[in-house]
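Both counts, for ligands and for their atoms, begin at 1 and track the order of listing.
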Amino acid sequence: MIVVTGATGTVGSKVVGGLRERGAAVRALVRDTGAARGTWDEGVELAAADFADPASLDAALAGADAVYLLVAVHPEMGTHERNVIDAAVRTGRRPHIVLHAAAGIEQRPEGVRFVAAHVAGHDHLAASGLPWTVLAPNGFHQNFLGMAQAVRGGALALPGGTGAVSYVDARDVADAAVRVLTTDGHQGATYTLTGPAALAHDEIAAVLATAAGTPVAYTAVAPEAALAGMLGAGWDAWRAEGMVELYGLYAAGRAAAVSSDVEKLTGRPARSFAEFVAEHAQLFA
Ligand SMILES: NC(=O)c1ccc[n+]([C@@H]2O[C@H](COP(=O)([O-])OP(=O)(O)OC[C@H]3O[C@@H](n4cnc5c(N)ncnc54)[C@H](OP(=O)(O)O)[C@@H]3O)[C@@H](O)[C@H]2O)c1
């Protein structure tokens with residue numbers, strides 16, 4: 001039995017679908033089973049649990065042979081990863097934990113809270129005695145779907161400076177995860193999942209312009225201005241500050257490395273940003 005956490009989200013939903021295509025026994029850990037019903041075929045078991053509730057995790061992980069551990073971005077995300085790992089230990093079955101972390105985890109950057117939470121989760125996992133694998137994806141292509149309105153208006157304004165980022169498609173992350181969960185030989189490995197190239201945000205804007213049918217101008221926003229903009233738009237401070245920290249990493253060129261791990265795991269090249277944009281051309285036009 002493979003338990004998938006974060007199962008209703010961008011990556012987790014695709015992991016559940018991919019595992020079912022391979023005929024695996026899958027249990028989706030969700031907060032609301034009623035809302036999740038009908039998302040996948042009836043062979044997918046649904047387990048109601050909350051990362052903050054250890055007893056619910058014990059029930060959801062019972063009988064697990066492997067766990068895809070993906071937590072949401074949240075002030076308690078480090079504790080949430082820890083809670084799932086501790087529940088996995090309590091099963092007594094030593095399930096293989098595939099930790100969905102973030103690119104840069106191996107460099108342990110200072111002052112980037114989203115990555116720091118995954119570093120803490122990784123260290124807890126390594127000390128747990130459970131067999132583990134880490135997937136470390138870079139920023140997702142899908143993040144740009146939320147910027148479609150601005151792109152249609154000809155603008156891409158981000159605190160990304162001039163740094164290039166090897167953004168990856170969330171579908172490739174899910175395909176890589178399915179491969180790791182259904183084949184042997186991955187224990188102790190950290191796979192860095194990126195797209196096939198690193199693009200600076202002005203190059204990203206140029207690709208988006210091909211779909212928008214209008215020029216898209218990239219503005220490198222100062223971190224303080226970006227933070228003020230997010231707070232003004234109603235973001236909570238923890239998340240907004242975290243985004244500025246992450247874009248600081250991007251601006252410094254520290255998310256530009258390109259890895260071949262997607263291709264190694266899936267047997268085909270990672271999807272490019274241009275392919276992703278072409279598939280969503282209607283949204284950006
Ligand atoms: N976005 C990026 O560019 C990027 C890049 C690299 C790494 N990451 C990492 O990827 C992860 C996010 O992945 P994603 O974008 O696929 O997530 P997502 O779409 O935001 O989905 C989050 C999932 O977590 C579930 N969830 C939230 N709070 C929960 C709780 N208290 N208990 C149980 N389940 C809960 C949600 O379920 P509900 O349906 O109940 O809300 C949902 O299924 C984060 O760890 C992030 O650091 C993101």
More than 12 heavy atoms of other groups within 6.0 Å of Arg254 CZ =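 12 or below, so no.
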More than 12 heavy atoms of other groups within 6.0 Å of Asp184 CG =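 Count not over threshold, so no.
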Check the side chains of [Y] and [X] for a donor-acceptor pair under 3.5 angstrom, ignoring hydrogens and angles.
X	Y	value
Tyr191	His186	yes
Thr194	Asn138	no
His124	Glu81	no

inquiry  = Ring-plane angle category for Phe51 and His80, please: parallel below 30°, perpendicular beyond 60°, tilted otherwise.
reply    =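 Geometry flag for His80 against Phe51: tilted rings.
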query = Any idea how Tyr250 and Tyr247 line up, ring-wise: parallel (<30°), tilted (30 to 60°), or perpendicular (>60°)?
reply =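 Aromatic pair Tyr250/Tyr247 classed perpendicular.
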Do [X] and [Y] have their ring centres less than 6.0 Å from each other?
X	Y	value
Phe114	His118	no
Phe273	His141	yes
Tyr167	Phe144	yes
His122	Trp132	yes

Which atoms of ligand 1 sit under 4.0 Å from any heavy atom of [X]?
X	answer
Gly139	3 (O), 5 (C)
Thr8	36 (C), 37 (O), 38 (P), 39 (O), 42 (C), 43 (O)
Ala7	43 (O)

task = Would you please determine whether Asn138 falls within less than 4.0 Å of ligand 1 on a heavy-atom basis?
result =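 A heavy atom of Asn138 does come that close to ligand 1.
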Nearest protein heavy-atom contact for [atom]: which residue, which atom, what distance?
atom	value
atom 21 (O) of ligand 1	Gly9 CA, 3.4 Å
atom 40 (O) of ligand 1	Arg31 NE, 2.8 Å
atom 10 (O) of ligand 1	His100 NE2, 2.8 Å
atom 20 (O) of ligand 1	Ala72 CB, 4.8 Å
atom 2 (C) of ligand 1	Phe140 CD1, 3.4 Å

query = Can you tell which of Asp32, Asn143, Thr10, Val4 gets a heavy atom nearest to atom 14 (P) of ligand 1?
reply =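 The residue whose heavy atom sits nearest atom 14 (P) of ligand 1 is Thr10.
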message = On a heavy-atom basis, I'd like to know which of Val11, Val71, Val73 is closest to atom 11 (C) of ligand 1.
response =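 Nearest heavy atom to atom 11 (C) of ligand 1 lies in Val71.
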query = Does the protein place any heavy atom closer than 4.0 Å to atom 32 (N) of ligand 1?
reply =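 When distances to the protein are checked, atom 32 (N) of ligand 1 has a heavy atom within 4.0 Å.
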Backbone, side chain, both or neither: what part of [X] comes under 4.0 angstrom of ligand 1, heavy atoms only?
X	answer
Phe51	both
Ala52	neither
Ala101	backbone
Gln142	neither
His74	neither
Leu70	side chain

Within the structure, does [X] bring an N/O atom to less than 3.5 angstrom of an N/O atom in ligand 1?
X	value
Gly6	yes
Pro137	no
Leu29	no
His118	yes

message = If the threshold is 4.0 Å, N to carboxylate O, is there a salt bridge linking Glu279 and Arg171?
response =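 Answer for the salt bridge query: yes.
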message = If you define the side chain from C-beta out and look only at heavy atoms, does anything of Leu19 sit under 4.5 Å from Leu181?
response =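 SC-SC contact between Leu19 and Leu181 confirmed.
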